[in-house]
Amino acid sequence: MPGDVMTTQLRRRWRAGVLPQLHGVVLDLGAGSGIAADHLASDVEWLALEPRRRIEPALRQRLARRPQSRLLTASAESIPLQAGSVDAVIASTVLCSVRDPLGALAEVRRVLRPGGRMVFFEHVAADAGTWTSRIQALYAPLSRLIDHGCDPHRDTAASIDAAGFARVDVQRMLAPGVLGTVEPLIQGTAVA
């Protein structure tokens, strides 16, 4: 099974298993098409954070279908919300593309209520010295240009660990990649 198909299936399973458990006010970092909203309970107040001024039609439609939703046009490094105003944050293949990962994670911690949690599913840097790591390093400059700033060689797991959360639980996975590589993925929870 090609890596991108396997990764897509893993991400779908993650969404279906994790997102329905979120309640209250939920911030969706880099909402993109807004697909996360399809998995949230109907009473969740969904805040779709999207840095691009021109949003996808699918996101606009999902916002219209959810009366308790709001679009926040801002970056993850500057979330326009009060401190302690969010119950949960969704980070799904978005931390690879923020300009300042530690700054974005500090903002996530700031807006989370005490005991609130960030749930995440991210692709991450491969172990140093591996074939996959070398491919990621070579591809990263091009990827940043053509894929909304995505840096496939970023050590997002280390950034989450260093961000000052009270507790971080990370599960590491591997999916088949291109040219005989593997795509390292993480999923888990970081509690404020």
Side-chain angles (χ1 to χ4, degrees), residues 2-15 18 27-36 48-56 59 72-80 89-112 117-165 168-190:
D4 58 340
V5 173
M6 174 76 130
T7 301
T8 299
Q9 288 180 348
L10 289 170
R11 187 173 31 244
R12 281 184 186 146
R13 272 190 243 139
W14 174 81
R15 280 189 203 118
V18 173
L27 176 64
D28 187 0
L29 293 183
S33 70
I35 194 164
L49 183 77
E50 182 55 48
R52 293 175 286 183
R53 299 267 178 228
R54 186 171 176 200
I55 65 169
E56 294 185 31
L59 176 57
L72 304 173
T73 306
S75 72
E77 295 90 344
S78 184
I79 301 171
V89 173
I90 301 167
S92 177
T93 57
V94 68
L95 294 173
C96 61
S97 61
V98 297
R99 286 193 178 109
D100 175 9
L102 288 176
L105 290 165
E107 276 290 274
V108 166
R109 276 190 23 256
R110 182 186 69 77
V111 302
L112 276 171
R117 60 191 176 132
M118 176 181 74
V119 295
F120 55 87
F121 182 97
E122 298 284 339
H123 59 94
V124 296
D127 291 337
T130 64
W131 174 244
T132 300
S133 177
R134 288 190 285 277
I135 295 289
Q136 287 177 324
L138 287 171
Y139 179 63
L142 178 62
S143 178
R144 285 191 298 269
L145 285 174
I146 65 172
D147 194 11
H148 307 290
C150 173
D151 183 347
H153 200 236
R154 184 174 282 174
D155 192 350
T156 300
S159 294
I160 294 170
D161 283 337
F165 288 97
V168 176
D169 298 310
V170 178
Q171 178 186 359
R172 296 177 184 276
M173 303 166 286
L174 296 174
V178 296
L179 302 174
T181 63
V182 293
E183 182 177 8
L185 305 163
I186 58 170
Q187 66 181 20
T189 305

Which atom pair, heavy atoms only, marks the closest approach of T73 to R53? CG2-NH1, 2.9 Å
Measure from the side-chain N and O atoms of R11 to the backbone N and O of S92, and report whether any donor-acceptor pair falls under 3.5 Å. no
Which atoms form the tightest heavy-atom contact between L112 and F165, and what is the distance? CD1-CE2, 4.2 Å
Does the side chain of I90 come within less than 4.5 Å of R15's, by heavy atoms? no
Ignoring hydrogens, what is the shortest heavy-atom contact between P184 and L174? Give both atom names and the distance. CA-CD2, 3.8 Å
Listed partners of S159 passing side-chain hydrogen bond (donor to acceptor under 3.5 Å, both in side chains), at least two apart: none
Separation between CG of L185 and CZ of F120, rounded to the nearest 0.5 Å: 12.0 Å
Surrounding CZ of R134 (heavy atoms of other residues, nucleotides or ligands, distance under 6.0 Å), is the total greater than 12? yes
Please tabulate, for side-chain N and O atoms in residues 121-130, each donor-acceptor pair with protein atoms closer than 3.5 Å (sequence neighbours left out).
unit_1, atom_1, unit_2, atom_2, d
E122, OE1, V94, N, 3.2
E122, OE1, L95, N, 3.1
E122, OE2, T93, N, 3.3
E122, OE2, V94, N, 3.1
E122, OE2, L95, N, 3.2
T130, OG1, D127, O, 2.8
T130, OG1, S133, N, 3.1

Sequence neighbours excluded, the answer for salt bridge (Lys or Arg N to Asp or Glu O under 4.0 Å) partners of R110 is E107
Working to the nearest 0.5 Å, report the span between CD of E183 and CD1 of I135. 13.0 Å
Shortest non-hydrogen pair, A175 vs L10, comes out as CB-CD1, 4.4 Å
From D169 atom CG to I186 atom CD1, the distance as rounded to the nearest 0.5 Å: 12.0 Å
L49 to A76 - nearest heavy-atom pair and separation: CD2-CA, 3.8 Å
Spacing of S33 atom OG and I55 atom CD1 [to the nearest 0.5 Å]: 11.0 Å
Under 3.5 Å, is there a donor-acceptor pair between the side chain of Q136 and the main chain of P152? yes
Does CZ in R12 sit with more than 12 non-hydrogen atoms of other residues, nucleotides or ligands closer than 6.0 Å? no
For the side chain of E77 and the backbone of R99, is there at least one donor-acceptor N/O pair under 3.5 Å apart? yes
As an exercise, state the distance from CD of E50 to CG of L29, rounded to the nearest 0.5 Å. 10.5 Å
Closest non-hydrogen atom pair between V98 and A104, with its separation: CG2-CB, 4.1 Å
Return the CG to CE distance between L27 and M118, rounded to the nearest 0.5 Å. 11.0 Å
Is it the case that the side chain of Q171 and the backbone of G188 share a donor-acceptor pair, with hydrogens and angles ignored and the cut-off at 3.5 Å? no
